[in-house]
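Step one of this worksheet: look at the structure below.
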Amino acid sequence: MDLGLRGRRALVTGAGKGIGRSTVHALHAQGARVVAVSRTQADLDALVAECPGVEPVCVDLSSWEDTERALGRVGPVDLLVNNAAVALIQPFLEVTKEALDRSFGVNLRAVIQVSQIVSKGMIARGAGGAIVNVSSQASQRALANHSVYCSTKSALDMLTKAMALELGPHKIRVNAVNPTVVMTAMGRANWSDPQKAQGMLSRIPLGRFAEVENVVDAILFLLSDRSSMTTGSTLPVDGGFLAS
Ligand code: NAP
């Protein structure tokens, strides 16, 4: 389906692996021009070989200064996907300062910083735009050993609404997608134990985890004008987990 994204310039964070990488592929296939931002150069090299024309930017988004240097002059961006995140799993009583700082630094602070850079450009050009934040079902349900991750995603849901409120008058839509488990590197690290996986699967009415494509389809819908009246939403891609 043509989503009308041809020629639009998109920026995707966390583009090296998983959902971000597949989002770049899908946007490239739709004819969008893509800036791919990630932390590991080898991932970006492979991505550019697969999708000629993609502009790679290698930066650790947990550094405010490095991010400003890398993206401060990124140029016009019409579509932004804030996808990069870390899931550092620790029991609540063992949560460390380092895990807390890194999690909020990547999962929330970088979203604010990159969105500021991009939306200031959108406002200056007066053309509007669309932003999708990749949140999680974990934003709305407590999961054992996920206290920090859940908190970053809960904050991201509210940030999505607050951004939608302030950026709406500039014709910038801001939405979130909230997937259940997806078997990417992140998903495999946290859900490969069959007993743990079964516990989660039993709470998902559709009885399966999400495929990467399920999440990418929702992201592309929210980036496209097919969702032109939707902003401030948190769209579950969770097989019904949040409904139960
Ligand atoms: P993933 O396979 O771990 O990929 C994450 C990507 O983000 C990697 O390319 C990683 O690069 C990059 N990244 C991480 N920290 C970064 C940083 N500081 N600076 C720049 N890039 C950074 O994860 P995923 O499963 O695709 O997850 C994508 C999004 O979906 C995340 O927001 C996650 O919270 C959300 N989500 C995932 C699941 C799941 O079960 N997988 C479920 C719900 C929501 P490096 O590998 O080089 O660090």
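- Follow the hydrophobic side-chain contacts under 4.5 Å out from Leu47 and you reach Leu5 in the same cluster.
- Met122 and Val37 end up in the same hydrophobic cluster when Ile, Leu, Val, Met, Phe, Trp and Tyr side chains are linked at under 4.5 Å.
- No donor-acceptor pair under 3.5 Å is formed between the side chain of Lys153 and the backbone N or O of Val148.
- Here OG of Ser154 is found 11.5 Å from CZ of Arg141. Values are rounded to the nearest 0.5 Å.
- Checked options Asp217, Asn214, Ile219, Val182; the residue passing with Val237 is Asn214 (criterion: side-chain contact (heavy atoms from CB on, under 4.5 Å)).
- Using a 4.0 Å cut-off between charged nitrogen and carboxylate oxygen, Arg102 and Asp60 count as a salt-bridge pair.
- Taking CG of Leu71 as the reference point, atom OG1 of Thr67 lies at 6.5 Å (rounded to 0.5 Å).
- With salt bridges taken as basic N to acidic carboxylate O contacts below 4.0 Å, one links Lys97 and Asp101.
- The CD1 atom of Ile117 sits 10.0 Å away from atom CZ of Arg73, with the distance rounded to the nearest 0.5 Å.
- The shortest non-hydrogen separation linking Ala144 to His146 is O-ND1, 2.9 Å.
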* To do: Decide side chain to side chain contact (heavy atoms under 4.5 Å, CB included) for Gln137 and Met200; before the verdict, give the C-alpha distance in whole Å, the side-chain angles of both, and the deciding distance to 0.1 Å.
  => CA-CA 11 Å; Gln137 65 179 12; Met200 175 57 73; 3.5 Å; yes
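- Side-chain contact between Gln140 and Asn178 is present, with heavy atoms from C-beta onward closer than 4.5 Å.
- Using modelled atom types, one finds a donor on one side chain and an acceptor on the other under 3.5 Å when comparing Thr152 with Asn107.
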* For Thr13 and Ser38, what are the C-alpha separation, side-chain angles and deciding distance, and is it a side chain to side chain contact (heavy atoms under 4.5 Å, CB included)? -> CA-CA 6 Å; Thr13 71; Ser38 207; over 6 Å; no
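- In the hydrophobic cluster analysis, where Ile, Leu, Val, Met, Phe, Trp and Tyr join through side-chain heavy atoms closer than 4.5 angstrom, Val12 is grouped apart from Leu108.
- No side-chain heavy atom of Val174 sits less than 4.5 Å from a side-chain heavy atom of Leu159.
- Using modelled atom types, no side-chain atom of Lys161 and backbone atom of Thr231 make a donor-acceptor pair closer than 3.5 Å.
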* **Candidate pair Leu223 and Val81, rule side chain to side chain contact (heavy atoms under 4.5 Å, CB included), full reasoning** => CA-CA 8 Å; Leu223 289 177; Val81 183; 3.8 Å; yes
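- In terms of modelled atom types and a separation under 3.5 Å, the side chain of Ser192 and the main chain of Ala189 share no donor-acceptor contact.
- For the pair Ser227/Arg173, a side-chain contact is recorded, criterion being any heavy-atom separation below 4.5 Å from C-beta on.
- Between the CE atom in Met1 and the CG atom in Leu220 there is a gap of 11.0 Å [rounded to 0.5 Å].
- At least one side-chain heavy atom of Pro76 sits less than 4.5 Å from a side-chain heavy atom of Arg125.
- In this structure, Ser224 has no side chain to side chain donor-acceptor pair (under 3.5 Å) partners at least two apart in sequence or on a different chain.
- One hydrophobic cluster, built from ILVMFWY side chains closer than 4.5 Å, cannot hold both Met183 and Val86; they sit in different ones.
- For residues 16-37, the side-chain hydrogen bond (donor to acceptor under 3.5 Å, both in side chains) pairs, not counting sequence neighbours, are Lys17-Asp43, Arg21-Glu50, His25-Glu50.
- The line from CG of Leu88 to OG1 of Thr96 is 8.0 Å long, rounded to the nearest 0.5 Å.
- The closest side-chain donor-acceptor pair between Ser115 and Asn82 falls under 3.5 angstrom.
- The heavy-atom pair separating Arg203 from Pro205 by the smallest distance is O-CD, 3.4 Å.
- Hydrophobic cluster membership is shared by Val212 and Val132, with clusters built from Ile, Leu, Val, Met, Phe, Trp and Tyr side chains linked at under 4.5 angstrom.
- Through direct or relayed side-chain contacts under 4.5 Å between Ile, Leu, Val, Met, Phe, Trp and Tyr, Met186 connects to Tyr149.
- Pairing each heavy atom of Pro91 with each of Asn145, the nearest pair is CA-OD1, 3.3 Å.
- The NZ atom of Lys171 sits 12.0 Å away from atom OG of Ser228, with the distance rounded to the nearest 0.5 Å.
- Here the shortest heavy-atom pairing between Leu156 and Ser135 reads CD2-CA, 3.8 Å.
- Using a 4.5 Å cut-off on side-chain heavy atoms (C-beta onward), Leu235 and Leu222 make contact.
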* Criterion side chain to side chain donor-acceptor pair (under 3.5 Å) on Asn175 and Ser233, from CA distance to verdict -> CA-CA 5 Å; Asn175 292 287; Ser233 75; 2.7 Å; yes
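- Looking at Arg9 and Glu55, a side-chain N of the basic residue comes within less than 4.0 Å of a carboxylate O on the acidic one, giving a salt bridge.
- Ile131 places a side-chain heavy atom less than 4.5 Å from the side chain of Met163.
- In this structure, Phe104 and Ser151 have side chains that are in contact, with non-hydrogen atoms separated by less than 4.5 Å.
- When side chains are defined from C-beta on, Asn133 counts as touching Val111, because their heavy atoms get closer than 4.5 Å.
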* Does the pair Val118 and Ile172 meet the rule for a side chain to side chain contact (heavy atoms under 4.5 Å, CB included), with working shown? -> CA-CA 11 Å; Val118 166; Ile172 301 171; over 6 Å; no
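- Of all heavy-atom pairs between Ala110 and Val106, the closest is CB-O, 3.5 Å.
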